[in-house]
Protein chains: 2
Amino acid sequence: MSAHTDHAHTAAAPHDHAHCVADALTRADALCAERGARLTILRRRVLELVWSSHRPRGAYAILEDLSQQDGKATAPLTVYRALEFLVDQGLVHRIESLNAYVGCAAPGASHSGQFLVCEGCGDAAEIDDPSIRSAIDAAATVRGFRVQRPTVEVRGVCKDCQEKHP
Amino acid sequence: MSAHTDHAHTAAAPHDHAHCVADALTRADALCAERGARLTILRRRVLELVWSSHRPRGAYAILEDLSQQDGKATAPLTVYRALEFLVDQGLVHRIESLNAYVGCAAPGASHSGQFLVCEGCGDAAEIDDPSIRSAIDAAATVRGFRVQRPTVEVRGVCKDCQEKHP
DNA sequence: GCTCATGATGTTATTTTATAACATTTCTAA
DNA sequence: TTAGAAATGTTATAAAATAACATCATGAGC
């Protein structure tokens, strides 16, 4: 087991990634079944490809993987439609500042959509910090603004990368 | 004068927009002079076009305006390069979730880059809420993450649009 | 005033990201 | 089993951004 059992899995931290992906797929199966949402083969494959790294991946990277698996060209729409479904279900998040998609660490939970995006390794660590969320809600309320979807994407350098390049 | 003198200028609130833009340009002139940065004719024109509404504008919208003004096609790079300069100087912010650019309300100040983006009118109200910023800093610090550029873009519905469409 | 190094802009082409419009297939509920 | 809805396939195009290289402008130093 990893020396960092108290940490969330990241691209940098070594872990049993196959198991990690399998878990994500199992959770997705359960959530969709519960909701009556159809996690089709295609959507499930796209979800798996999103999870293939812990880093955000572009739609066209996923598209290439899909095309390669099938041995024939896949249309962009195929991927974009699957991604749209996955994002709607909260199984995947879109990182706006990267035009990329990443698997949600805790689907079914609150989903305030907060990320620490590392310039070094490209990892996007999802956090769910209630004080950030409540500060946003308070600021919005004061201005009479009704919040629908808060997005927090913090660019910077993660702990590991700081240690590697001091 | 507007009935809302205690509010920041927005796309929705009527105000002397020409004066508003002139102010922004004057502030930009002063800031760039102070820094030894070259706010060239082109960059100044692009800044003016960014300010032409209080809403975020796409690079290609600005490009079209520029082309129309000059009576000949302008290359995208021309606009992108000017925008890059303006963003670097903190005179313009990029709204990641809209692929669009908006004039900074308080250049020279902190720039934590927080926006309330209205789905109704398209307005992106810039706020600078210290408690959001400090909550982000705290969350990052706990994780050993060094913050370089925090981005907060809150999608929702502004006060005016809620009143118009209840 | 010249000159040259640097920064700014012009030009052409291409890449990356995303969607429109419509046809066909698959699934589900009656 | 069979409409109707949802999902996917197909083709084309739009929108956003950048690469590579040429030329022009500007200001510091002579």
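Residue numbers start from 1 in every chain, and the chains themselves are labelled A, B, ... in the order their sequence lines are given, proteins ahead of strands. Both backbone and side-chain heavy atoms feed into the values below; hydrogens, waters and symmetry mates do not. Quick caveat, the model's predicted, so the values are computed rather than measured.
Going from atom CG of A/L63 over to atom C1' of D/dG9 covers 14 Å, rounded to whole Å. Computed from coordinates, the B/E64 CD to D/dA16 C1' distance equals 13 Å when rounded to whole Å.
For the salt bridge (Lys or Arg N to Asp or Glu O under 4.0 Å) condition, the pairs that include at least one residue of residues 70-85 of chain A, sequence neighbours left out, are A/R45-A/D70. Identified under the salt bridge (Lys or Arg N to Asp or Glu O under 4.0 Å) test for residues 56-67 of chain B, with sequence neighbours left out: B/R57-B/D65.
Taking the side-chain hydrogen bond (donor to acceptor under 3.5 Å, both in side chains) definition, one finds that B/D137 meets it with B/R133, sequence neighbours left out. Residues passing the side-chain hydrogen bond (donor to acceptor under 3.5 Å, both in side chains) test with A/S53, sequence neighbours excluded: none. Every side-chain hydrogen bond (donor to acceptor under 3.5 Å, both in side chains) that B/D29 has, sequence neighbours left out, goes to B/R44. Applying the side chain to side chain contact (heavy atoms under 4.5 Å, CB included) rule to B/R146 yields the partners A/V157, A/Q162, B/Q148; only residues at least two apart in sequence or on another chain are considered. Contacts of B/R43 classified as salt bridge (Lys or Arg N to Asp or Glu O under 4.0 Å), with partners at least two apart in sequence or in another chain: none. Qualifying side-chain hydrogen bond (donor to acceptor under 3.5 Å, both in side chains) partners for B/R155, counting only residues two or more places apart in sequence or in other chains: B/E119. B/E48 meets the side chain to side chain contact (heavy atoms under 4.5 Å, CB included) test with B/V21, B/L25; sequence neighbours excluded.
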I'd like a table of atom pairs between the protein and nucleotides 9-17 of chain C - only N or O on both sides, under 3.5 Å - with the distance next to each one.
unit_1	atom_1	unit_2	atom_2	d
C/dT9	OP1	B/T40	OG1	2.5
C/dT9	OP2	B/R43	NE	3.4
C/dG10	N7	B/R81	NH2	2.5
C/dG10	O6	B/R81	NH1	3.1
C/dG10	O6	B/R81	NH2	3.4

Dump the pairs, protein N or O against N or O of nucleotides 24-27 of chain C, anything under 3.5 Å, distances to one decimal.
none

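B/R55 contributes atom CZ, which lies 9.0 Å from atom SG of B/C118 (distance to the nearest 0.5 angstrom).
Defining each end axis of the helix from C/dG1-D/dC30 to C/dA30-D/dT1 as the rotation carrying four pairs' C1' atoms onto the next four, with five pairs an end, the two axes are found to diverge by 30° to 10 degrees.
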